[in-house]
Amino acid sequence: MLRVKPPAKYIWLDGKLLNWSDAKVHVMTHALHYGTSVFEGIRGYWTGENLLLFRLDDHIDRMFNSAKILGIKIPLQREEVRNAIVETLRANEFKEDVYVRPIAFVSSQTITLDIKSPDVSLAIIAVPFGKYLPPGGVRATIASWRRVHNTMLPVMAKIGGIYVNSVLARLEARSRGYDEALLMDAWGYVVEGSGENVFIARKNIIYTPPVYQSILEGITRDTVIKLAGDIGMQVAEKPITREEVYTADEIFLAGTAAEITPVIEVDGRPVGDGRPGPITTKLAELYAKVVRGRVEKYLKWVVPVY
Ligand code: PY5
């Protein structure tokens, strides 16, 4: 058992704000055995005056879509989930950057696989959060585990069980001394990081795999595509080969946790000259401003907590 100081005061569980150490589930919980949960990861940025949640409604929409795909019913309406997230953050009185993790899970205490009319619990956890990947650049490796295909598991949904695929790839990368894994699909196209979408730049064009290549439809991915377009950069969605990765001018990972993080090496080969490139740097700087509500045009994407 963890005996360290809890990272936050309160966790929201099924309508109540509980003390961190009281937010528990039973060991017979269906989701613990079978991975039957849907979750989100949302960042909140502390500006010195307010806590701004980035693209909150898009995350809530994706969580409801994940639940629809899995076939479970989140016991609240969208608006109620939104209010519960804000309530949890206010109760914790955060005055720093945070990561919010809403999770709906099948809480039935049963051995059977059935989730026909399941009990579904909803928890909202929020913790102080800094950088997820080394901000100066990631050393990545192409994992031997392949990304699961959407004919096998619905990877467009953020379902707990699907993350075993990511955990294995990341474990492999870390155990071989790399910071992060890149995953190929069954056909050998590089499709994703373990918890990030992937972008490459070659000859001033930015490429990222299309949604039909069994990727999570990342909200940061969407942000990058829109920001790049708005500042006149060319972005194309197309399958990316391993050779294109090894010879890219720039590579970066995009995700809520990762934000925009440059990849500076893949499998011992430097990306470009081995330093973060100009396209990545420009996008990362713009992204950092946008999420902190410093760009008028994108204020629609931030939701103040206080
Ligand atoms: N692909 C995968 C497999 C992911 O897990 C994530 C997010 C993304 C892409 C990027 O999606 P988005 O931009 O919508 O966040 N990963 C989570 C995150 O919060 C969890 C990481 C441990 O970034």
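First listed ligand is number 1; within each ligand, the first listed atom is number 1. For clarity, every value in this text was computed on a predicted model and none was experimentally measured.
- Applying the 4.0 Å criterion to heavy atoms of Gly218 picks out, from ligand 1, the atoms 11 (O), 12 (P), 13 (O), 14 (O).
- By the rule that hydrophobic residues join a cluster once side-chain heavy atoms approach within less than 4.5 Å of another member, Ile159 and Met156 end up as members of separate clusters.
- Here the two rings, on Phe39 and Tyr163, have centers that are under 6.0 Å apart.
- Considering every non-hydrogen atom in both Arg221 and Pro210, the closest pair reads NH2-CA, 3.8 Å.
- Shortest contact from atom 13 (O) of ligand 1 to any protein heavy atom: Thr220 OG1, 2.6 Å.
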Using side chain to side chain donor-acceptor pair (under 3.5 Å), reason through His30 and Thr36 one step at a time and then give a plain yes or no. CA-CA 7 Å; His30 194 281; Thr36 44; 2.8 Å; yes
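- Counting heavy atoms only, Lys158 comes closest to atom 7 (C) of ligand 1 of the residues Lys158, Arg221, Glu196, Glu192.
- Scanning the protein heavy atoms around atom 15 (O) of ligand 1, the nearest turns out to be Thr256 OG1, 2.6 Å.
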Please assess Asp119 against Ser107 for the test side chain to side chain donor-acceptor pair (under 3.5 Å), listing each intermediate value before the final yes or no. CA-CA 5 Å; Asp119 298 322; Ser107 50; 5.2 Å; no
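- Residues Glu180 and Arg170 are paired through a salt bridge, judged by an N-O separation under 4.0 Å between the basic side chain and the carboxylate.
- Residues Leu183 and Asn165 meet the side-chain proximity criterion, which asks for heavy atoms closer than 4.5 Å.
- Taking the ring centroids of Tyr298 and Phe54, they lie at or beyond the 6.0 Å cut-off.
- Shown in contact with Arg147 at under 4.0 Å from a heavy atom are these atoms of ligand 1, numbered in order with element: 3 (C).
- Atoms of ligand 1 found under 4.0 Å from any heavy atom of Ser194, numbered from 1 in the order shown, are 3 (C).
- Backbone and side-chain nitrogen or oxygen atoms of Arg101 are examined, and none is located within less than 3.5 angstrom of a nitrogen or oxygen of ligand 1.
- Considering only non-hydrogen protein atoms, atom 5 (O) of ligand 1 sits nearest to Tyr163 OH, 2.5 Å.
- When all heavy atoms are compared, the tightest approach of Ala257 to Phe129 is CB-CE2, 4.2 Å.
- Of the protein's non-hydrogen atoms, Gly195 O, 3.2 Å is the one closest to atom 6 (C) of ligand 1.
- Taking atom 22 (C) of ligand 1 as the reference point, the nearest protein heavy-atom neighbour is Tyr132 OH, 3.6 Å.
- For ligand 1, the polar-atom distance check finds an N/O of Ile219 within less than 3.5 Å of one of the ligand's N/O atoms.
- For atom 20 (C) of ligand 1, the nearest non-hydrogen atom of the protein is Tyr99 OH, 3.7 Å.
- No more than 12 heavy atoms of other residues, nucleotides or ligands lie within 6.0 Å of CD in Gln234, so this atom counts as exposed by the packing criterion.
- Protein heavy atom closest to atom 23 (O) of ligand 1, with residue, atom name and distance, is Ala257 N, 2.8 Å.
- Within the 4.0 Å heavy-atom criterion, the part of Leu216 lying near ligand 1 is the side chain and not the backbone.
- The closest approach between Arg43 and ligand 1 stays at or above 4.0 Å for every heavy atom of the residue.
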